[in-house]
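Presented below is the structure to which this report refers.
Just so you know, these numbers come straight off a predicted model, no measurement behind them.
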Amino acid sequence: MLKTLAAKHRSSVPKMAAKHKARIDTPSGPRVCFEARIERKNRKPLVARFGGIPLQRQRTAEIADREPVRVDYPQKELIARLLADTCEICGGKGNVQVHHVRALADLAHAGWQPSDWARVMLQRRRKTVVACDTCHDRIHSKGLPKQTRSSHWRAG
């Protein structure tokens with residue numbers, strides 16, 4: 001607080017400490033603190049106080065911390081799709097992999113008829129498709145359009 005006030009008023013920290021030093025009464029006796037006070041007409045003054053807290057251990061104090069609320073987040077959609085262990089292109093079961101493209105816009109080019117895997121991705125509006133080994137190999141061997149294939153190989 002003192003450094004901030006000193007910078008604001010183009011002064012020094014010791015000058016601000018001397019200006020804002022205050023003595024307050026606490027249950028364990030008088031304490032020294034720093035206090036910034038703004039007096040207002042017909043209203044209580046605005047007071048910002050730093051310090052003045054007794055640092056003595058209270059042996060009779062009881063801890064009243066509340067148990068944090070645990071939020072159970074649902075699984076991510078992709079994880080659920082992988083755990084289903086089903087190819088989203090041919091419907092085959094077992095040994096699936098995820099194919100990913102940079103952008104859906106790469107799949108929707110004018111004058112190009114999307115393949116079965118690209119159609120699945122476009123319909124779901126997802127950049128990923130869970131595919132079996134056979135379908136995944138087919139995607140990488142010939143299924144990518146020229147623009148996507150070149151950008152796909154540069155990414156690797």
Side-chain angles (χ1 to χ4, degrees), residues 1-14 16-17 20 26 31 33-38 40 43-156:
M1 172 181 125
L2 294 175
K3 192 171 182 179
T4 303
L5 287 172
K8 180 180 177 181
H9 296 291
R10 297 183 184 182
S11 183
S12 66
V13 172
M16 286 293 118
H20 294 288
T26 65
R31 299 275 179 222
C33 67
F34 297 107
E35 186 177 88
R37 179 180 291 265
I38 298 174
R40 304 184 298 175
R43 294 163 79 183
K44 289 174 33 176
L46 293 175
V47 178
R49 187 176 292 150
F50 292 87
I53 301 170
L55 301 177
Q56 298 170 347
R57 182 174 180 181
Q58 296 177 356
R59 297 193 184 275
T60 60
E62 293 183 24
I63 297 174
D65 290 342
R66 291 177 284 148
E67 187 72 26
V69 178
R70 294 203 41 96
V71 179
D72 189 24
Y73 293 104
Q75 282 186 331
K76 298 290 184 194
E77 178 197 4
L78 181 60
I79 294 173
R81 289 165 51 200
L82 271 171
L83 290 174
D85 207 27
T86 304
C87 177
E88 294 175 348
I89 300 168
C90 69
K93 289 273 189 188
N95 204 13
V96 294
Q97 303 170 7
V98 176
H99 179 71
H100 183 268
V101 294
R102 284 189 180 192
L104 284 176
D106 292 344
L107 300 177
H109 289 290
W112 174 70
Q113 186 65 32
S115 60
D116 53 352
W117 63 270
R119 198 172 301 111
V120 169
M121 294 174 89
L122 288 169
Q123 286 172 351
R124 289 178 170 233
R125 287 195 278 165
R126 294 286 181 264
K127 297 192 305 182
T128 56
V129 66
V130 176
C132 62
D133 287 338
T134 308
C135 292
H136 198 234
D137 290 341
R138 194 182 69 213
I139 290 169
H140 281 287
S141 64
K142 62 181 177 177
L144 290 169
K146 286 185 171 120
Q147 295 91 346
T148 307
R149 183 180 291 149
S150 63
S151 67
H152 179 75
W153 295 122
R154 272 187 271 136

TODO: Using the test side-chain hydrogen bond (donor to acceptor under 3.5 Å, both in side chains), find all partners of D85 that sit at least two apart in sequence or belong to another chain.
DONE: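 For D85 there are no side-chain hydrogen bond (donor to acceptor under 3.5 Å, both in side chains) partners, ignoring immediate neighbours.
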
TODO: Report the residues that fulfil side-chain hydrogen bond (donor to acceptor under 3.5 Å, both in side chains) with E77, sequence neighbours left out, ordered by chain and then residue number.
DONE: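 Counting only residues at least two positions away or on another chain, E77 forms a side-chain hydrogen bond (donor to acceptor under 3.5 Å, both in side chains) with R126.
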
Task: Crowding at CG, L122 (>12 non-hydrogen neighbours, <6.0 Å) - done: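 Atom CG in L122 is packed in, count exceeds 12.
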
TODO: Give a yes or no on this: more than 12 heavy atoms of other residues, nucleotides or ligands lie within 6.0 Å of atom CD1 of I38.
DONE: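 Open: at most 12 neighbouring heavy atoms sit under 6.0 Å from CD1 of I38.
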
TODO: Quick one: list whatever passes salt bridge (Lys or Arg N to Asp or Glu O under 4.0 Å) with D116, sequence neighbours left out.
DONE: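 Result, salt bridge (Lys or Arg N to Asp or Glu O under 4.0 Å) vs D116: R138.
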
Open item on the list: H99 and side chain to side chain contact (heavy atoms under 4.5 Å, CB included): which single residue from T128, I139, I89 fits?
Closed with: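 When T128, I139, I89 are each tested with H99, the side chain to side chain contact (heavy atoms under 4.5 Å, CB included) holds only for I139.
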
TODO: Any salt bridge (Lys or Arg N to Asp or Glu O under 4.0 Å) involving residues 49-63? Give me the pairs, sequence neighbours left out, ordered by first then second residue.
DONE: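 Pairs touching residues 49-63 that pass the test: E35-R49.
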
Task: Pair listing, salt bridge (Lys or Arg N to Asp or Glu O under 4.0 Å) test, anchored in residues 87-96, at least two apart - done: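 As it turns out, the salt bridge (Lys or Arg N to Asp or Glu O under 4.0 Å) pairs with a partner in residues 87-96, which skip direct neighbours, are R81-E88, E88-R124.
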
Open item on the list: For the backbone of V101 and the side chain of K127, can you confirm whether one donor and one acceptor N or O come within less than 3.5 Å of each other?
Closed with: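 No; judged by distance alone, with no hydrogens or angles, the pair does not exist.
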
Task: R40 side chain to K44 backbone, donor-acceptor under 3.5 Å - done: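 Looks like yes, one N/O pair under 3.5 Å.
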
Open item on the list: With heavy-atom distances below 4.5 Å as the criterion, would you say the side chains of T86 and V130 are in contact?
Closed with: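 No, too far: nothing below the 4.5 Å cut-off.
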
Task: H20: ring-ring contact (aromatic ring centres under 6.0 Å, His included) partners, not counting sequence neighbours - done: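 Result, ring-ring contact (aromatic ring centres under 6.0 Å, His included) vs H20: none returned.
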
Residue pair [X] / [Y]: nearest heavy atoms and the distance that separates them:
| X | Y | answer |
| --- | --- | --- |
| C90 | C132 | SG-SG, 3.7 Å |
| C135 | C87 | SG-SG, 3.8 Å |
| A131 | H136 | CB-N, 4.1 Å |

Task: side chain to side chain contact (heavy atoms under 4.5 Å, CB included) involving A17 - partner list, sequence neighbours excluded - done: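 Scan of A17 (side chain to side chain contact (heavy atoms under 4.5 Å, CB included), adjacent residues dropped) gives L2, F34.
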
TODO: State which residues pass side chain to side chain contact (heavy atoms under 4.5 Å, CB included) with N95; sequence neighbours excluded, sorted by chain then number.
DONE: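 Testing N95 for side chain to side chain contact (heavy atoms under 4.5 Å, CB included), a comparison that skips the adjacent residues, returns D133.
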
Task: T26 side, atom OG1; R31 side, atom CZ - distance, nearest 0.5 Å - done: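 Going from the OG1 atom of T26 to the CZ atom of R31 covers 5.0 Å.
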
Task: Distance (rounded to the nearest 0.5 Å) between L82 CG and Q97 CD - done: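 Going from the CG atom of L82 to the CD atom of Q97 covers 10.0 Å.
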
